[in-house]
J.: 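Right, I'll just put the structure down here and ask away after.
Since the structure is predicted, the reported quantities are computational estimates derived from the model, not experimental observations.
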Amino acid sequence: MDQNQTVADAPPVARSAIRKVSIRLVPFVALMFFINYLDRTAIGFAAPNGMNEDLALSAAQFGFASGVFFIGYILLEVPSNLALHKFGARRWLSRIMVSWGIVALLFTWVQNFEQLVVLRFLLGVAEAGFFPGAILFLSLWVPAQYRGRILMLFYLAQPLTTVIGAPLAGWLIQQHEVFFGLEGWRFMFFGVAIPAIIVGVIAWFYLKDKPADAKWLTRDEQVWLTGALDREKAATQKKEHGHVSARFAFKSGRVWVLSFIYFGFIYGLYALAFFLPTIIEGFQTQSGVTFDTLQKGLITAIPYLPAAIVMYFWSRDASKRGLKTWHIAGPAIAGAVSIPLALFMGSPAATIAVITVTACAIFAALPNFWTLPTRFLTGAAAAAGVALINTIGNLAGFSAPFVTGFVHDWTGGYEVPMFIVGFVMLISAVLMVFLARSNRINPVVVDDAAESTVPTPSPDSADALPGASGRVGPAAPAVDAEALHTAADPKGDAR
């Protein structure tokens, strides 16, 4: 699966176009992801800080309310991504964000267990499709050899959500009855929901569905991106014998193997959520002090800052060398070893050091992993395939706590459950090597400097690419920039 063409080989117009996409588009979508992840996990901050007591929730009721989110989320994940493909990313991602912001805001006034369950289910329904939609949107803005860098910049939002979001949530909770007389946990829900609505509205106007719509790209950059994506799409369709339907994604063995690889990474990510409360308790016992909410948030953030740094340099290496199998399989093995090893550390500091290795391994692999589906999927197949992979991965987040609890009750300890987590991640590494050796996820090779004709769309073709004939690169005088914008597809074929 090795990808040998690197960013360093790109012509000047390619480098300038990718740089502008990295600066103008990716940070905004990453901000959306940051808010998304914070809203989804807010219930975990609220529960021990007054919500469970005020709503008289038992541990079982809280667990059910937390998990019911995934029912609506999983059921609507694929349909939502197909809708994004049909209506365009700008409209659909904006709609998703405003919808979940409104639902998240309602948590401010929740009064009982029943209302909490309904809102958690609706939040899953509202958020369904955002993450795979954002991955698909960014993947189809740039050619394959640049996607690792783009997705890495996007993925930085997830570890930084904990680095920044956990202390932020702690600070909001400390504002007990300061604003509007709200309890701290209620004000926290209010404080993390409002940005979702505001940014969702801004996204409607700020995001662009395709390079031809982006006025911040020069004419040559628009033509190069459009031509490169066209050639790559045509080559992929030829390689896959024209299979671009959603049905193809569901029948593809490669999609299912990637789904199980992703399942292993998300199952491993659960180990962080398992260990961190134990580590915090250990620090409190060792030091003889009780940490407040803000301090606990800061301790929780410790593994994630190094993870963000390692992810940046690991993905940068993949961009420079070209993506190799070990860029994904290697971190899976490191995670598989470090997770059970953390059980045998003699101090909280040693435990958190090993768990930091786990976090670094998982986050280093994920941006590179997400470059793989669009190597062989295009159109509706890409929309369905990316959503299916994410859906299977989220089943790990739902099943891991249950399996861990069941095996703990059966064995009387956490050694076997954590070895299971390590084994699942090891399976991900094995599957990754197997898939790479099959030579069925090699990227299509498209010459950046090759001539490309960007067809002028027929007035009757809503899905035609905008543009005109000419050489892709700095010298493209035959292309009229105004025609690019005039002919742009209003529905934004999410290519």
J.: Assess whether atom CZ of F28 is packed by more than 12 heavy atoms of other residues, nucleotides or ligands within 6.0 Å.
T.: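 Yes, enclosed.
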J.: Does L341 form a side chain to side chain contact (heavy atoms under 4.5 Å, CB included) with V357? I'd like the steps, not just the answer.
T.: CA-CA 11 Å; L341 185 63; V357 173; over 6 Å; no
J.: Donor-acceptor check, side chain of Q158 to backbone of Y155, threshold 3.5 angstrom: yes or no?
T.: no
J.: Report yes if the side chains of R247 and F250 come closer than 4.5 Å at any heavy-atom pair, otherwise no.
T.: no
J.: Over 60° means perpendicular and under 30° means parallel, so tell me whether W326 and W314 are parallel, tilted or perpendicular.
T.: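 Because their plane-to-plane angle is over 60°, the rings of W326 and W314 count as perpendicular.
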J.: Could you walk me through whether N81 and W92 pass side chain to side chain contact (heavy atoms under 4.5 Å, CB included), step by step?
T.: CA-CA 9 Å; N81 229 32; W92 201 249; over 6 Å; no
J.: Kindly give the heavy-atom pair with the smallest separation between P143 and L229, and that separation in Å.
T.: N-CD2, 3.8 Å
J.: Under 3.5 Å, is there a donor-acceptor pair between the side chain of S259 and the main chain of V255?
T.: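 Confirmed, S259 side chain pairs with V255 backbone.
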J.: To the nearest 0.5 Å, what is the distance between CE on M51 and CH2 on W185?
T.: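 Spacing of CE (M51) from CH2 (W185) equals 6.5 Å.
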J.: Find out whether I164 and F34 are in side-chain contact, i.e. whether some heavy atom of one side chain is under 4.5 Å from a heavy atom of the other.
T.: yes
J.: Is F423 atom CZ crowded by more than 12 heavy atoms from other residues, nucleotides or ligands, each under 6.0 Å away?
T.: no
J.: How would you list, by chain and number, every residue that makes a side chain to side chain contact (heavy atoms under 4.5 Å, CB included) with L106, sequence neighbours excluded?
T.: L119
J.: Which value, rounded to the nearest 0.5 Å, describes the distance between Q61 atom CD and N112 atom CG?
T.: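 If I round to the nearest 0.5 Å, the distance is 10.0 Å.
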J.: Counting N and O atoms only, with roles assigned by atom type, does the side chain of S94 sit under 3.5 Å from a partner on the main chain of R91, one being a donor and the other an acceptor?
T.: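 The answer is no, because no donor-acceptor pair under 3.5 Å joins these two groups.
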J.: For V125 and G72, which heavy atoms make the closest approach, and how far apart are they?
T.: CG2-CA, 3.9 Å
J.: Under the 3.5 angstrom rule, does the side chain of T391 hit a backbone N or O of E77 as a donor-acceptor pair?
T.: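 Here the side-chain-to-backbone pair does not exist.
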J.: Without swapping roles, check the side chain of N390 against the backbone of V386 for a donor-acceptor pair under 3.5 Å.
T.: no
J.: Do any N or O atoms from the side chain of R120 and from the backbone of S66 form a donor-acceptor pair under 3.5 angstrom?
T.: yes
J.: Closest heavy-atom contact between A381 and A249?
T.: O-CB, 3.4 Å
J.: With sequence neighbours excluded, what pairs up with L93 under the side chain to side chain contact (heavy atoms under 4.5 Å, CB included) test?
T.: M32, L84, A89, F130, F137, L207
J.: When you measure from the centre of the six-membered ring of Y73, is the NZ or CZ of R40 under 6.0 Å away and within 45° of the axis?
T.: yes
J.: How long is the gap from CD1 on I309 to CG on L156, to the nearest 0.5 Å?
T.: 10.0 Å
J.: Run the side chain to side chain contact (heavy atoms under 4.5 Å, CB included) test on I389 and F369 for me, step by step, so that the C-alpha distance in whole Å, both residues' side-chain angles and the decisive distance to 0.1 Å come before the verdict.
T.: CA-CA 11 Å; I389 292 167; F369 168 85; 3.9 Å; yes
J.: Examine distances only and state if a side-chain atom of S319 and a backbone atom of S315 form a donor-acceptor pair shorter than 3.5 Å.
T.: yes
J.: Just do the side chain to side chain contact (heavy atoms under 4.5 Å, CB included) check on L225 and I18 with the steps written out, would you?
T.: CA-CA 9 Å; L225 276 172; I18 298 303; 4.3 Å; yes
J.: Are any side-chain N or O atoms of T41 and backbone N or O atoms of G44, one a donor and one an acceptor, separated by less than 3.5 Å?
T.: no
J.: Which heavy atom in A383 sits nearest to a heavy atom in H85, and how many Å separate them?
T.: CB-CB, 4.0 Å
J.: Can you confirm whether more than 12 heavy atoms, excluding those of F344, are under 6.0 Å from its CZ atom?
T.: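 Yes, because the 6.0 Å sphere around CZ of F344 holds more than 12 heavy atoms from other groups.
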J.: Quick check: do I392 and L395 have side-chain heavy atoms less than 4.5 Å from each other?
T.: yes
J.: Holding to side-chain hydrogen bond (donor to acceptor under 3.5 Å, both in side chains), I want the full list of residues that pass it with R147, two or more places apart in sequence or in another chain.
T.: E232, T374
J.: State, with a plain yes or no, whether a side-chain heavy atom of S139 is found less than 4.5 Å away from one of L151.
T.: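 When only atoms from C-beta onward are counted, L151 and S139 do touch, with a gap below 4.5 Å.
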J.: Taking D209 for its side chain and R90 for its backbone only, find out whether a donor-acceptor pair lies under 3.5 Å.
T.: yes
J.: Heavy-atom distance under 4.5 Å between the side chains of S22 and I150, does that happen here?
T.: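 Result yes, sub-4.5 Å side-chain heavy-atom pair found.
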J.: Can you tell me how far apart CE (M152) and CG (N368) are? Round to the nearest 0.5 Å.
T.: 9.0 Å
J.: On the 0 to 90° scale, with breaks at 30° and 60°, tag the F263-Y267 ring pair as parallel, tilted or perpendicular.
T.: tilted
J.: Atom CG in L172, atom CG in N49: separation rounded to 0.5 Å?
T.: 11.5 Å
J.: Compare every heavy atom of G101 with every heavy atom of A193, then report the nearest pair and how far apart it is.
T.: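 Nearest pair, atom of A193 first, then G101: CB-O, 3.7 Å.
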J.: Supply the atom-to-atom distance I266 CD1 to S399 OG, rounded to the nearest 0.5 angstrom.
T.: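 OG of S399 is found 11.0 Å from CD1 of I266.
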J.: Please report the shortest heavy-atom distance between I333 and A429, naming the atom on each side.
T.: CG1-CB, 3.6 Å
J.: Find out whether I96 and N36 are in side-chain contact, i.e. whether some heavy atom of one side chain is under 4.5 Å from a heavy atom of the other.
T.: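 Not touching, per the 4.5 Å side-chain cut-off.
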J.: Is there side-chain contact between F190 and L105, with at least one heavy-atom pair below 4.5 Å?
T.: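 Counting from C-beta outward, F190 and L105 do come under 4.5 Å.
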J.: With a 4.5 Å heavy-atom cut-off, do S438 and L435 have their side chains touching?
T.: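 Contact flag for S438/L435 side chains = yes.
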